[in-house]
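Worksheet: one structure, shown below.
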Amino acid sequence: MRSSKTRPLLIIMSQSDSIPVLAIVVPCYNEQEVLPLTNPELLATLDRLATAGKISPKSFILYVNDGSRDATWEIIERLTEEFPGRVAGLDLAANVGHQKALLAGLEKGAEEADLTVSIDADLQDDTAAIDRMVDQALEGADIVYGIRQSRATDTWFKRNTALAFYRLMKRLGVKSEYNHADFRLMSRRAVEELMRYGEVNLFLRGIVPLIGYRQGRVYYDRKERQAGESKYPLKKMLAFAVDGITSFSVKPVRMVFFMGIIFMLVALGIGIYVAIRHLTGHTTVGWTSLVLSVWFCSGVILLGLGIVGEYIGKIYTEVKHRPRYNPSRYLRRPHP
């Protein structure tokens with residue numbers, strides 16, 4: 001029997017029912033291979049929690065189609081027909097990226113649910129952790145982070161670059177959870193507060209901790225991807241690390257940034273070449289200092305211009321106030 005200590009929270013979350021409605025939000029981009037495996041596992045999670053009396057039987061899964069080019073939306077449509085009331089689908093008019101698609105799902109889910117859990121379709125995040133997230137929500141937490149306690153399934157390169165990224169973000173003063181991606185639970189009021197943040201260049205891992213409210217953490221081991229291919233190859237990981245490509249007009253500025261890095265690497269190569277020439281007794285007076293100073297200073301200048309240009313580019317995209325996403329269709333059939 002649930003303790004009386006949790007009941008006031010549940011009344012706040014839902015005026016019509018003391019048991020919260022849970023929406024599991026799943027952003028999807030070309031996930032036709034994995035969705036047939038994802039849906040049964042998420043439905044089993046909802047059944048398990050509903051049987052335990054922790055969530056309402058009205059709880060549901062919300063798939064967000066982020067402009068997929070395969071049969072993802074057709075599969076979502078079929079699932080909404082096979083599981084009326086339990087599976088919903090939100091189709092975005094175009095591909096807007098993982099973060100914006102996730103935000104669209106959170107906004108839509110919070111319209112009908114008291115609690116939302118965001119999870120990727122590949123199910124590398126442990127669905128069993130959702131049970132513990134809900135437990136903490138029933139105890140008063142508005143935000144519960146899923147924290148990876150092991151990255152054994154990642155490659156050596158991905159694991160170490162990810163750890164370096166988190167350390168760098170911390171050193172830069174960004175308030176984020178170490179080893180946390182976008183697997184989290186949020187209450188309705190936390191999502192409503194999140195929607196007040198109007199950034200176009202979204203980095204939800206840094207925005208959500210700014211909301212405040214009571215927060216919790218659940219630790220889990222990350223699993224292997226069950227099917228399909230990762231939607232975050234090296235190129236996308238690098239783009240995400242610098243907050244993505246904000247728009248096509250920022251690309252030339254970023255090119256200048258990388259030109260600065262290339263110039264500095266060339267300067268390093270020339271330095272090594274000159275050192276070898278010096279050791280072998282082949283030197284030209286004055287040539288070393290001149291060439292090295294030109295290449296190094298040019299690299300530093302271009303690097304600085306690229307960094308400043310990156311911020312100017314983000315200001316440019318923010319001040320236009322374009323919509324972050326355009327929902328095209330929403331499917332959720334009534335319970336039978």
Side-chain angles (χ1 to χ4, degrees), residues 6 8-28 42 45-46 49-50 54-66 76 80 85-92 96-121 125 130 133-146 180-199 202-216 323-335:
T6 64
L9 171 68
L10 298 179
I11 293 175
I12 291 173
M13 290 195 299
S14 178
Q15 297 177 355
S16 60
D17 197 343
S18 61
I19 303 178
V21 175
L22 172 66
I24 300 180
V25 177
V26 187
C28 303
L42 293 180
T45 299
L46 292 180
L49 289 167
K54 296 178 180 180
I55 63 172
S56 169
K58 299 177 182 178
S59 300
F60 60 98
I61 305 166
L62 173 57
Y63 294 106
V64 182
N65 180 41
D66 183 24
I76 294 172
T80 63
R86 306 193 67 200
V87 175
L90 178 63
D91 186 28
L92 302 183
V96 293
H98 178 271
Q99 296 289 280
K100 294 178 182 178
L102 176 55
L103 188 68
L106 291 174
E107 181 180 23
K108 191 64 182 178
E111 292 178 3
E112 304 179 42
D114 305 299
L115 303 172
T116 57
V117 169
S118 56
I119 187 171
D120 288 339
D125 298 317
I130 297 177
M133 289 181 176
V134 172
D135 288 340
Q136 292 197 28
L138 295 177
E139 293 172 359
D142 282 283
I143 302 170
V144 184
Y145 301 103
H180 164 69
D182 288 298
F183 182 34
R184 70 177 74 86
L185 177 145
M186 299 181 69
S187 68
R188 176 182 292 168
R189 71 167 185 163
V191 174
E192 290 173 348
E193 186 66 23
L194 174 63
M195 298 310 300
R196 294 180 58 201
Y197 289 75
E199 286 95 329
L202 288 174
F203 183 65
L204 294 179
R205 303 177 197 183
I207 297 175
V208 172
L210 299 177
I211 294 174
Y213 298 147
R214 182 174 170 183
Q215 303 182 0
R324 293 178 288 197
Y325 44 81
N326 178 20
S328 176
R329 290 169 287 181
Y330 177 66
L331 296 178
R332 190 187 179 201
R333 305 178 192 277
H335 282 274

Identify the two heavy atoms, one from [X] and one from [Y], that lie closest to each other, and give their separation to 0.1 Å.
X	Y	result
Pro27	Ala101	CB-CB, 4.4 Å
Ala141	Gly216	CB-N, 4.4 Å
Ile55	Ile19	C-CG2, 3.1 Å
Leu210	Tyr197	O-OH, 3.5 Å
Pro209	Gln215	O-NE2, 3.6 Å
His180	Arg205	O-CD, 3.6 Å

**Asked** Under the side-chain contact (heavy atoms from CB on, under 4.5 Å) criterion, do Leu185 and Ile130 qualify, and how do the steps go?
**Response** CA-CA 8 Å; Leu185 177 145; Ile130 297 177; 5.9 Å; no
**Message:** Can you list everything that forms a side chain to side chain donor-acceptor pair (under 3.5 Å) with Asp66? Sequence neighbours excluded, please.
**Reply:** Asn95
**Message:** Under the rule for salt bridge (Lys or Arg N to Asp or Glu O under 4.0 Å), what residues qualify as partners of Glu111, not counting sequence neighbours?
**Reply:** Lys108
**Message:** If you apply the rule side-chain contact (heavy atoms from CB on, under 4.5 Å), what do you find for Leu62 with Arg332, and how did you get there?
**Reply:** CA-CA 9 Å; Leu62 173 57; Arg332 190 187 179 201; over 6 Å; no
Approximate separation, where rounding is to 0.5 Å, of [X] [atom1] and [Y] [atom2]:
X	Y	atom1	atom2	answer
Ile211	Arg189	CD1	CZ	10.5 Å
Ser118	His98	OG	NE2	7.5 Å
Leu46	Leu22	CG	CG	6.0 Å
Leu204	Asp182	CG	CG	6.0 Å
Ser328	Leu92	OG	CG	8.5 Å
Ile119	Phe183	CD1	CZ	4.5 Å

Donor-acceptor pair, distance only, cut-off 3.5 Å: does the side chain of [X] make one with the backbone of [Y]?
X	Y	result
Arg188	Ala110	yes
Ser56	Val21	no
Thr116	Met186	yes
Arg184	Val144	no

Are the side chains of [Y] and [X] in contact, using a 4.5 Å heavy-atom criterion?
X	Y	answer
Asn65	Arg329	no
Val25	Leu102	yes
Val134	Pro20	no
Tyr63	Thr80	no

**Message:** The criterion is ring pair (Phe, Tyr, Trp, His ring centres under 6.0 Å); which residues satisfy it with Phe60, sequence neighbours excluded?
**Reply:** none
**Item:** side-chain contact (heavy atoms from CB on, under 4.5 Å) assessment of Ile76 paired with Asp91
**Value:** CA-CA 9 Å; Ile76 294 172; Asp91 186 28; over 6 Å; no
**Message:** Show, in sequence, the C-alpha distance, side-chain angles and deciding distance for Leu115 and Met133, and conclude whether the side-chain contact (heavy atoms from CB on, under 4.5 Å) test is met.
**Reply:** CA-CA 10 Å; Leu115 303 172; Met133 289 181 176; over 6 Å; no
